[in-house]
Amino acid sequence: MDESEIARRASVLPGRFAGRIPAPTLEVIELMDGGGEYGELTIELAASLAAHHTPVTAAERDELLALLQAMGQPTDPIERLNVQG
């Protein structure tokens, strides 16, 4: 996954999860998106989803994992996600 694909895929995450994460977290990850901080955005989102036991699909989990791995970010929150379906 190259940097352009990482940016494209990470930039859609705030909108995709907007209704499932707390408003303050959404604000933070939107700022990260605007600043091009895609690694921090993805890890913060995954950590928030895990901490709140927010349901995610297996495809969403896999997308978050792939992005974190592509950016060399910790993947610890992925195993704590509440995967449904």
Side-chain angles (χ1 to χ4, degrees):
M1 186 179 315
D2 66 18
E3 289 183 26
S4 294
E5 185 174 354
I6 288 171
R8 182 184 57 76
R9 289 168 68 171
S11 287
V12 302
L13 295 176
R16 181 183 304 161
F17 290 97
R20 293 187 269 168
I21 58 174
T25 302
L26 179 60
E27 290 177 26
V28 168
I29 66 171
E30 287 175 335
L31 288 172
M32 291 174 179
D33 181 35
E37 299 173 9
Y38 303 116
E40 291 82 359
L41 179 161
T42 308
I43 193 73
E44 181 70 23
L45 174 60
S48 179
L49 292 167
H52 294 94
H53 308 288
T54 304
V56 298
T57 66
E60 289 170 334
R61 176 206 52 212
D62 294 347
E63 176 75 2
L64 291 168
L65 178 60
L67 281 166
L68 290 172
Q69 289 174 332
M71 294 180 282
Q73 293 290 321
T75 59
D76 303 351
I78 299 300
E79 62 192 44
R80 296 190 317 270
L81 290 174
N82 178 13
V83 180
Q84 303 290 312

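Below, all heavy atoms of this structure are taken into account, side chains as well, without hydrogens, waters or symmetry copies. Numbers here are sequence positions counted from 1.
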S.K.: With sequence neighbours left out, what residues match Glu44 under salt bridge (charged side-chain N to carboxylate O under 4.0 Å, His left out)?
M.R.: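 Partners of Glu44 under the salt bridge (charged side-chain N to carboxylate O under 4.0 Å, His left out) test: none.
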S.K.: Return all side-chain donor-acceptor pairs below 3.5 angstrom for residues 54-67, not counting sequence neighbours, or 'none' if the list is empty.
M.R.:
residue	atom	partner	partner atom	Å
Thr54	OG1	Arg20	O	3.4
Thr57	OG1	Ala59	N	3.4
Thr57	OG1	Glu60	N	3.0
Glu60	OE1	Arg20	NH1	3.1
Glu60	OE1	Thr57	N	2.9
Glu60	OE2	Arg20	NH2	2.6
Glu63	OE1	Arg9	NE	3.4
Glu63	OE1	Arg9	NH2	2.7
Glu63	OE2	Arg9	NE	2.9

S.K.: Working to the nearest 0.5 Å, report the span between CD of Glu37 and CG of Leu31.
M.R.: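 Glu37 atom CD to Leu31 atom CG measures 9.0 Å (nearest 0.5 Å).
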S.K.: Could you tell me which non-hydrogen atom of Ser11 sits nearest to which non-hydrogen atom of Asp33, and how far apart they are?
M.R.: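 The answer is OG-OD1, 2.9 Å.
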S.K.: Honestly curious: do Val12 and Val28 fall in one hydrophobic cluster under the side-chain, below-4.5 Å linking rule?
M.R.: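 In one cluster: no.
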S.K.: Please report the shortest heavy-atom distance between Thr42 and Leu13, naming the atom on each side.
M.R.: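 Minimum heavy-atom separation between Thr42 and Leu13: OG1-CD1, 4.0 Å.
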S.K.: Write down the atom of Pro14, the atom of Leu26, and the distance for their closest heavy-atom approach.
M.R.: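 Nearest heavy atoms, Pro14 then Leu26: O-CD1, 3.6 Å.
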S.K.: Tell me which donor-acceptor pairs under 3.5 Å the side chains of residues 70-82 have, and how far apart each pair is, sequence neighbours excluded?
M.R.:
residue	atom	partner	partner atom	Å
Asn82	OD1	Gln84	NE2	2.4
Asn82	ND2	His53	O	2.9

